[in-house]
Structure formats: structure tokens, C-alpha cells
Amino acid sequence: MARFLVLFVLLLSPSLAQNLLSLAPQGAVAGFYLNNLSGSRYFKGVAADWKASGMEALLNREMRMQGGGDSAFLGIASGGAAVALYPDGFFVMARPSAQAMRAIRSDTKGLKNQNGWLVGSDKDTLTGFSRDLVFIATPKYGRLFLQNKRGLQAPVSGDILLWGAPPQNLIQSLQLPPRTNGAARVIKRFSYAIKLTEGGYTDETRVEVNPAPDAAFASFFLPKGQPYDAADLPQGLSVSTGVLDFAKFASYMSGIAREFDTKLNLDLSAFGSHYAAVTVQGPPPAADGRSQDVLGHTLFYVEVKDPATAEANLLALLQNLAAFATPQGKGGFKVLPGEGGFKAVEVGFIGKLYYKAEDTRLIVATSKNALDAVNGPTWKDNPNYQKFRVRIPANAIGYSFGDNGAALSMSAAQLGDALPQTIGNQMDAKSSKEIAESLSDFLGRLAKRFGSGLSYATVEGDSLVSRGFYEVKW
């Protein structure tokens, strides 16, 4: 849900032109970019929902109250922003609101005309203004921009972009133990891109890997094999399947722990490499906004090679977790009567868990609601799943499918009670209740626009690539 909220709150305002990122100097190791979405027909309905829910008026009011004299600066990126990060500096280009532009200019000293821009500076940054744009940069990259040394290009394309590369020099300077140092240098670059479409949006996440520093760690990002078929699993709000060599991963993590003089008792040799998770709908939270099921309402399926040993490994892990007792005295480990063919235990602050060891897999239910879903209808009987299923390529090493509208609707129903408990200390009771009710109303409206969504992952050379397709009634 968080991803959807960030996406829509961010995009309710107009944003920048397509070529804005190219104004930044080259050589960035990380960046963020918004395409020109001003006046986009895709967001007219969502913007109307935002306004009708009362969120726009409430947030403007709270920002003015909290921001005081500096509230004008909140509009610095009202038209969008492009950000480029370098090993030794940064460059930001934004299109502020008229009020924010006036505030920034009044706060900038010593403005002088340089190459068509009014530029001011202090010891740390250069700030420059055109008619409707402002840049803020460290001196080196501000000067490169003013010298027309520009042309930054993102490694991915789309309407919203985020990318970055771990700073190798910094990693080397940390003087990590040999194996840990190798693992830290495996990821070359990551990127995330969103593209809006007529019926929703697509996204792509790419993790580029360099196996040379640590081939074992790199293999966890580049798994082989086909995942469980979700069609045979119970229906719920969402389902995810994937591939991970659990025995190899546990052995690897134990080796890393030894480099830090720590003993990690993690034996997963009885487990295979296939897993799946099904999230189901749970009951409303308690009056204090907290759920009684700490781990939510999920069914976990994990492949096993030796069911008896896998069950013993699970119980050992749960007993270790049970050692963390809550102040209310709910710690400890207790065996409970079984239910529906599943064994049951109570584990410290986590609460009740249900598990069943079959010949080839171990099933764990994190709540009674999850347990009740075990023998329910399967995803092969879900027409929306079948419609999206054809998009999954034969070489996928994992995929996820979910009813995003239902998930948002459930969140909206819970939010009215939960949010005031979270923000009550930061504002008065009336304001926190108003914001909770308005946000819940907005999510309810948004839920009616969202439909189903699918994402899948493939290995392409030395890259792990995930692609997603999501329905939205704009």
C-alpha cells in the first residue's frame, strides 16, 4: 500500500519537462526524475478524489501551522524535481510554486547574472534562478552546469525514475572482513522505473550484479529453477512465489557471522529452494488500532527435503524467538492443541502459529484467518488471476499477484482507528481525527480505482529484473 500512496501523493501536482534531467552534469551515481505529467489526464480523477476527501485542505492547513514562516518553502518542488547525486556533490533542479520561488530568491544573497541565470552562493552551495526554474547544487556541479557541461542520462526510461550505484570507494574504505567486503561489492547498480498507461501503470526493477567479488552471494540474486505454481494455492488478497536455496543461504550467513566473531545457529539443510506466501484478509484491528496477529494473516509454503528435520528446525527457531518476552509477560513457548490437521504453538509476543509438515513442503499459518483459508478455493478458479497469468514468461523465477483494490479498501477501513494512535502526540486530537478520517476516505475512493496487479522476476545475464502490470481506472 505504501508504494501506491507515495506514487499518487507525489504526482498530484504538475511536474517537469522531459529534458530536465539532461540539464544536470554527467557522472551521477544516483538520481531521481519525474517526467512531464502536468495536466495529465491520468490524474484528474485521483486529484479530484484527493480534494473531495478533504486531504488537500487539511494538509495545507497543517503545513502552514507547522511550517510557520518557512511554510512557503514547502512548494519548492510543487512542479516536480530532478535530483542527481555524485561521489563529491549534488545537483537539484526544480520548478517551484510562485510563492516558493519568491521565498527562495529572497533568501539567496548576492545574486548575479551568470550565463542567463541569476546565481547566488554561500560556502556550501550555488543557487540559480531562471523565469520558472531553480537549481541548487554544490559549487563544483553548479559551475559545470553554468558552463553548459550537462547531458546526464538515466540508465532506465519511464515517467518516474530512481537509480543508484553503491559507492565502491566508500565500501573499500570501511575495511570490512574479506567475505563481507566481497558481498558488499556484488551489487553494481539498482534502478526502478514507472510508466503510466491507459489502463494503469507498469514498473520495472533491475538489480545489476557483479559476481566476481563473491559468486556465492551473487547467486542469491540470480537463482535458477521454476517457482511453485500459484494456481494450486489458496486464494487471498495476494500470492507470491519464488526460488531461494535456503540451505546454501543459511550456510553463507553463518560464514558472514563468523567474520564478526558471532555464532549463528541457522541450520536449513532440510529445506529445499521453493517458497510461496498467500496473504488473506483478517479481522478489523482492536479498539487501540493494533492487530492481535503480529505477523498478519499469511500462509507460508516452503519446500522440504526432510520433513521431520525441517519441523525440528522450525520449532528450534520458534523457541529462540519465544525468548523475547513482552512486558505483559506473554513470552515463552507453549504447545497448544492442534486444529484442522495443523499443530499449534504460542510463541512469545508473536502469539499463535499453526504448522503442518507434509512430504515435500512445510506450511505455516500466522493466524486463525490464514489457517481457515488453507482448504478454500484456489487461484486457478480466480478469473482475474487467469487473465494476468498469461503474462508470466516461462523463465520466471518468481511472481506475485494481488487484488490491490481490496488491499487498499482493507487499509482504509483500519486507518480511521489506527492513525490517531500514531500521530496523536504530534497534534491535537481533533486534527489527528480529521486527518485520519480524510485519509481513510481518500484510500476508500482510491481503492475503487485500483484493480489487480501482477509482477514477475527473471534473470537476464547478471541482472535480476522484475516487471509489473497494475490496473487503475484513472
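In what follows, residues are counted from 1 in the order of the sequence shown. All values below come from the heavy atoms of this structure, side chains included, with hydrogens, waters and symmetry mates left out.
Residues Leu439 and Met55 have side chains in contact (heavy-atom distance under 4.5 Å, counting atoms from C-beta outward). A heavy-atom distance below 4.5 Å is not found between the side chains of Arg258 and Leu264. The shortest side-chain heavy-atom distance between Gln235 and Asp381 falls under the 4.5 Å cut-off. Residues Phe246 and Tyr275 have side chains in contact (heavy-atom distance under 4.5 Å, counting atoms from C-beta outward). Counting only heavy atoms from C-beta outward, the side chains of Tyr399 and Arg391 never approach each other to under 4.5 Å. Under the 4.5 Å side-chain criterion, counting only non-hydrogen atoms from C-beta, Leu196 is in contact with Ile194. Two residues are said to be in side-chain contact when any heavy atoms from C-beta on lie closer than 4.5 Å; Thr180 and Phe260 meet this criterion. Within the 4.5 Å cutoff, no side-chain heavy atoms of Arg467 are placed close to those of Thr202.
Atom-to-atom distance recorded for Ser273:OG and Ile397:CD1 is 11.0 Å, nearest 0.5 angstrom. Here the CG atom belonging to Leu162 is positioned 8.5 Å from the OG atom belonging to Ser191, to the nearest 0.5 angstrom. Atom CD of Gln281 sits about 11.5 Å away from atom OG1 of Thr279, to the nearest 0.5 Å. Atoms CG and CZ, from Asn384 and Phe401 in turn, are 5.0 Å apart once rounded to the nearest 0.5 Å. Separation of atoms CG (Asp403) and OH (Tyr385) is listed at 15.0 Å; rounding is to 0.5 Å. Here the straight-line distance linking atom CG of Leu161 with atom CZ of Phe32 works out to 8.5 Å at 0.5 Å rounding.
Taking each heavy atom of Ala154 and Trp163 in turn, the nearest pair found is CB-CZ3, 3.6 Å. Arg361 and Leu233 make their closest contact through NH1-CD2, 4.0 Å (heavy atoms, listed as atom of the first residue, atom of the second, distance). The two atoms that bring His297 and Ser367 nearest to each other are ND1-OG, 2.7 Å, heavy atoms only. Closest of all the heavy-atom pairs between Ala457 and Leu464 is CB-CD1, 4.2 Å. Taking each heavy atom of Met93 and Leu23 in turn, the nearest pair found is CE-CD1, 3.9 Å. Between Ala447 and Ser409, the shortest heavy-atom contact is CB-N, 3.6 Å.
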Derivation and outcome, side-chain hydrogen bond (donor to acceptor under 3.5 Å, both in side chains), residues Tyr301 and Asp232
CA-CA 12 Å; Tyr301 297 81; Asp232 299 324; over 6 Å; no
Working for ring-ring contact (aromatic ring centres under 6.0 Å, His included), residues Tyr252 and Phe220
CA-CA 10 Å; Tyr252 180 87; Phe220 300 131; 5.6 Å; yes
Pair Leu408, Lys448 - check side chain to side chain contact (heavy atoms under 4.5 Å, CB included), show working.
CA-CA 9 Å; Leu408 279 171; Lys448 297 176 182 178; over 6 Å; no
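Contact check on Lys352 versus Glu339 returns no salt bridge, with no Lys/Arg side-chain nitrogen under 4.0 Å from an Asp/Glu carboxylate oxygen. For Glu208 and Arg206, the salt-bridge test fails: no basic side-chain N is under 4.0 Å from an acidic carboxylate O.
Taking a 6.0 Å sphere around CD of Glu259, one finds it holds more than 12 heavy atoms contributed by other residues, nucleotides or ligands. Counting non-hydrogen atoms of neighbouring residues, nucleotides and ligands closer than 6.0 angstrom, the CD atom of Gln153 reaches no more than 12 such neighbours. Counting heavy-atom neighbours within 6.0 Å of Lys473 NZ, excluding the residue itself, gives a total of 12 or less. Remark: Asp88 CG is packed, more than 12 non-hydrogen atoms of other residues, nucleotides or ligands lying under 6.0 Å away. Other residues, nucleotides and ligands place no more than 12 heavy atoms under 6.0 Å from the CZ atom of Phe249.
In this structure, Ser251 contributes its side chain and Ala247 its backbone to no donor-acceptor pair below 3.5 Å. Side-chain atoms of Thr366 come within 3.5 Å of backbone atoms of Thr298 as a donor-acceptor pair (strictly under, hydrogens ignored). Between the side chain of Trp474 and the backbone N or O of Thr197, at least one donor-acceptor pair lies under 3.5 Å. Judged purely by atom type and a 3.5 angstrom limit, Asp203 uses its side chain to pair as donor or acceptor with the backbone of Gly468. Panel note: side chain Glu204, backbone Ala193; no donor-acceptor pair is recorded below 3.5 Å. One N or O on the side chain of Tyr86 and one on the backbone of Pro25 form a donor-acceptor pair closer than 3.5 Å. Side-chain atoms of Glu460 never come within 3.5 Å of backbone atoms of Val465 as a donor-acceptor pair (strictly under, hydrogens ignored).
Relative orientation of the Trp50 and Phe442 rings is perpendicular, given thresholds of 30° and 60° on the angle between their planes. The aromatic rings of Tyr228 and His274 sit tilted, their planes meeting at an angle between 30° and 60°.
Take Asp49 and apply the side chain to side chain donor-acceptor pair (under 3.5 Å) test, not counting sequence neighbours, and it matches Arg449. Partners of Phe90 according to the ring pair (Phe, Tyr, Trp, His ring centres under 6.0 Å) rule, which considers only residues two or more places apart in sequence or in another chain, do not exist here. Shown here are the side chain to side chain donor-acceptor pair (under 3.5 Å) partners of Lys248, two or more places apart in sequence or in another chain: Ser219.
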